[in-house]
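Worksheet for the structure shown next.
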Amino acid sequence: MRYVVADFETASRADLQKIGAWKYGQDMSTFPLCLSIKVVTDKVPSFTRCMSEKQLHALDPELMELANDPTVIFIAHNAGFEQAMWKFHLVPMGYPELPPERWHDTMAVAGMKALPLGLDALVTALELPVKKDMDGHRHMLTMCKPDRLGGWSQHNEYNLQILYNYCNADVDAQYGVYIATQGLGPEERHTWVLDQKIQQRGILIDREFVHACMDVLEQVRVPMVERFRELTGLNPTQRAKVLNWVNEQGVALGDMKKATLDAILDPDDEFGIEDLNEPLPYYVHEVLTLRRSLASSSVSKLERMLQCAGNDGRVRYATQYHGARTGRDVGRLIQIQNYPRGEIGDRQGLTADILADAILTRNVDHIRDLWGPDIFSAIISSLRSCIVPEKGKVIVSGDYAAVEARNLLSMAGQHDRVEQMHAGLDVYSETASLIFKRPINRKDPSMQKEGQIGKNTFLGSGYGLGPVGFRARFAPKESIDLAMLAINTYRKDVAPLVPKFWYGLWQASVDAVWCNQAKAYSYEGIEFRKENEFLTMRLPSGRKIWYHRPRTATSYTPQGDEKPSWTFMSYQGKKFRRHLAWHGMITADCIQGSARDLIMGAMKRAESAGLNTIFKVHDELVFEEVDRPDLVTTVKQIMEDIEPWARERKFRVAANVESMLRYRK
């Protein structure tokens, strides 16, 4: 068996961080400076060697032989970058294509095992003897961009040799990472390969519509900024000074975060204007409204779409495989996972397509007639409309409805509630009725408040949330007694088997960590076991969730009594540090991980049926297909035809599937 550990060093006028690896590789100014490889044959590594750009153009015989051997796997860290460079630079030189099946990504394994994704942080976390060369890294940064005059004067023989040595050291570090982390396993490797193919299809951006959105915003932004300056004498970007100005007007405001501004500007929210000591002056309300619109990060996504779209208008690698511990993806580049839901559904008779057509006219008065005065919110609500199918095709979206709540109840054995949800019973109203001990219909305008509490209780209490947390998150204006009533109702009347599930899982995890041997402890078929430097939780699907370096610990009950617990290493906030586990976290990992396995199973079935997935967002799959009469029905059948492991646990899923010409929620 042979495999190759490979790493490119490149130079370009393009900004890799802004536009992503695929467009960077396509950019006319991008070129490889070198490629280092380490060939491993039957577990015996060769010396690492580096090929210069000139050697690559000469078609290096060893590299050509390796590339032509279909049994040889190329290993890289963040292999999407190496795949792009190979495709757009080495293939034109004369080397053969290397499909995703010929690659292995050590970053993918790091994500699967909840380790740091960056190579330097990963090497440190694994305590490998080979360290990333940080001096060489700084040197690389000077080599990959033009000099101050826009040329490449730094690319002399001396500096290039330093770069070659750095590239070799990176390959040695990547080899060490591979030996320490090994592979994904057959099933998860299949998932990763399929993910790479989907990523490389790309998401088509309607660039004309994006430009129309930006033109409309520019029409309203200039007068908005002028009005802001007229009222405050400040620029909207001067956050600290704007906050001081607001406080000087007699309005006690702690920060300028969007959630804070939403709370005092939107009277329907839990915290309203009436909570201030004095009524909010109109001119302060206007200033804060302007600030909220002008500072919206959602607007910057428009420019990012144009930056990241390739020559064919498609954005590739917009999500990160296994970005979360549970196995779910996270957003990259255009951050499609974080698009606001928008307010289109709140306006009777208005659809996303009607609003998009209005935006394309660039007529601000026409948009105001349809939407109202806040043009910024109209554009933010239309971000999804920027994603379109190619001509002659449609987008099909399939979304699992309330999948986490259904999975949790099924896992816990609370099948009566699962069947009620599947039959279409309004479980949110029923939960509210149990809390308030009278019939509640949340669709009745006079009962919306109680209905919302019922919904929040049903959806928000499944992972161990207590009364204090429930009140802070869902009902800050209500009493702690009502929060306690809601939590107790959920635990005793709505889903009494769920708390039993929490604590059963938790005890199995504690027993596995505290045991001196690598012994398996299970609850309801979910198995915990120590495996070398990890604790693993094996889900019903057979896939594992990994916790690095578990250690025994002691925590305390609300009454102050000691109880056995455990900690693990986790990479959060750019720091790899130890965290205390608890029953709600373990339950959430189990349920969200299983939801991920459901969506991945549906994705594989769809691909086997010849459907083209273009991206996935949490519990939603999005396809780009030629329209046909049975398309929606076919997607729905595929998504609801769940795997045997899910059927055995009496999972009941429902997929909401729609066909559209512009992506929408």
Side-chain angles (χ1 to χ4, degrees), residues 242-243 246-247 249-293 295-296 340-343 345-347 372 374 377 380 402 404-405 426-495 498-499 558 584 588:
V242 172
L243 180 60
V246 172
N247 289 326
Q249 311 311 306
V251 177
L253 194 64
D255 58 61
M256 300 292 292
K257 295 178 181 178
K258 181 180 183 299
T260 305
L261 299 185
D262 287 346
I264 65 172
L265 294 175
D266 299 330
D268 292 335
D269 284 359
E270 288 290 343
F271 178 85
I273 295 173
E274 66 274 10
D275 292 290
L276 297 169
N277 293 330
E278 298 290 339
L280 188 66
Y282 177 79
Y283 68 97
V284 176
H285 187 283
E286 184 180 0
V287 165
L288 294 178
T289 300
L290 290 168
R291 160 70 193 182
R292 179 175 64 175
S293 295
S296 173
R341 181 173 293 272
E343 304 170 16
D346 300 336
R347 288 165 166 78
D374 190 355
S377 67
I380 290 169
E404 284 191 35
D426 187 351
V427 291
Y428 306 147
S429 291
E430 183 177 349
T431 301
S433 299
L434 291 170
I435 294 171
F436 295 99
K437 297 181 172 53
R438 58 185 173 88
I440 298 293
N441 179 2
R442 66 191 183 100
K443 295 180 181 178
D444 184 333
S446 66
M447 299 181 180
Q448 284 184 347
K449 178 180 175 181
E450 292 86 348
Q452 188 63 40
I453 289 175
K455 180 178 180 179
N456 291 338
T457 300
F458 190 88
L459 296 178
S461 305
Y463 297 149
L465 187 67
V468 174
F470 181 89
R471 181 171 182 259
R473 184 177 300 180
F474 298 121
K477 293 181 66 176
E478 304 298 337
S479 67
I480 190 65
D481 291 337
L482 177 59
M484 292 179 66
L485 178 61
I487 292 297
N488 288 336
T489 299
Y490 179 85
R491 296 181 181 184
K492 295 179 180 179
D493 301 321
V494 176
V498 168

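We number each residue from 1, following the sequence as shown.
At least one donor-acceptor pair closer than 3.5 Å links the side chain of Asn247 to the backbone N or O of Leu243. Between the side chain of Thr457 and the backbone N or O of Ala486, no donor-acceptor pair lies under 3.5 Å. Formation of a donor-acceptor pair under 3.5 Å by the Ser377 side chain with backbone atoms of Asp374 is found in this model.
Annotation for Ala402 and Tyr428: closest pair CB-OH, 4.5 Å, computed over non-hydrogen atoms. Nearest heavy-atom pair, Ile435 versus Gly454, reported as atom, atom and distance to 0.1 Å: CD1-CA, 4.4 Å. Nearest heavy atoms, Pro281 versus Val251: CD-CG2, 3.8 Å. Closest approach of Ile487 to Gly466, counting heavy atoms only: CG1-C, 3.9 Å. Counting all heavy atoms, side chain and backbone alike, Gly451 lies closest to Ala432 at CA-CB, 4.3 Å. Across all their heavy atoms, Tyr490 and Gly462 have their closest contact at OH-CA, 3.6 Å.
Residues Lys257 and Arg292 have side chains not in contact (no heavy-atom distance under 4.5 Å, counting atoms from C-beta outward). You'll find the side chain of Glu478 stays beyond 4.5 Å of the side chain of Phe470, heavy atoms only.
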- Run the numbers on Phe436 and Ile453 for side-chain contact (heavy atoms from CB on, under 4.5 Å), then give the verdict. CA-CA 10 Å; Phe436 295 99; Ile453 289 175; 4.0 Å; yes
- Task: Could you walk me through whether Leu288 and Leu253 pass side-chain contact (heavy atoms from CB on, under 4.5 Å), step by step?
- Result: CA-CA 11 Å; Leu288 294 178; Leu253 194 64; 4.1 Å; yes
- Task: I would like to know whether Gln452 and Asn456 meet side-chain hydrogen bond (donor to acceptor under 3.5 Å, both in side chains); could you show each step before the answer?
- Result: CA-CA 6 Å; Gln452 188 63 40; Asn456 291 338; 3.2 Å; yes
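Considering Arg438, Arg442, Lys455, Lys437 as possible partners of Glu450, the one that fulfils the salt bridge (charged side-chain N to carboxylate O under 4.0 Å, His left out) test is Arg438.
Judged by distance alone, the side chains of Tyr283 and Gln249 do bring a donor and an acceptor atom under 3.5 Å apart. Neither side chain, Asp481 nor Ser479, offers a donor N or O lying under 3.5 Å from an acceptor on the other.
Atom CZ of Phe458 is separated from atom OG of Ser429 by 11.5 Å, given to the nearest 0.5 angstrom. The OG atom of Ser293 sits 6.5 Å away from atom CD1 of Ile380, with the distance rounded to the nearest 0.5 Å.
Under a cut-off of 6.0 angstrom, the local environment of CE in Met256 is crowded, with over 12 non-hydrogen atoms contributed by other residues, nucleotides or ligands.
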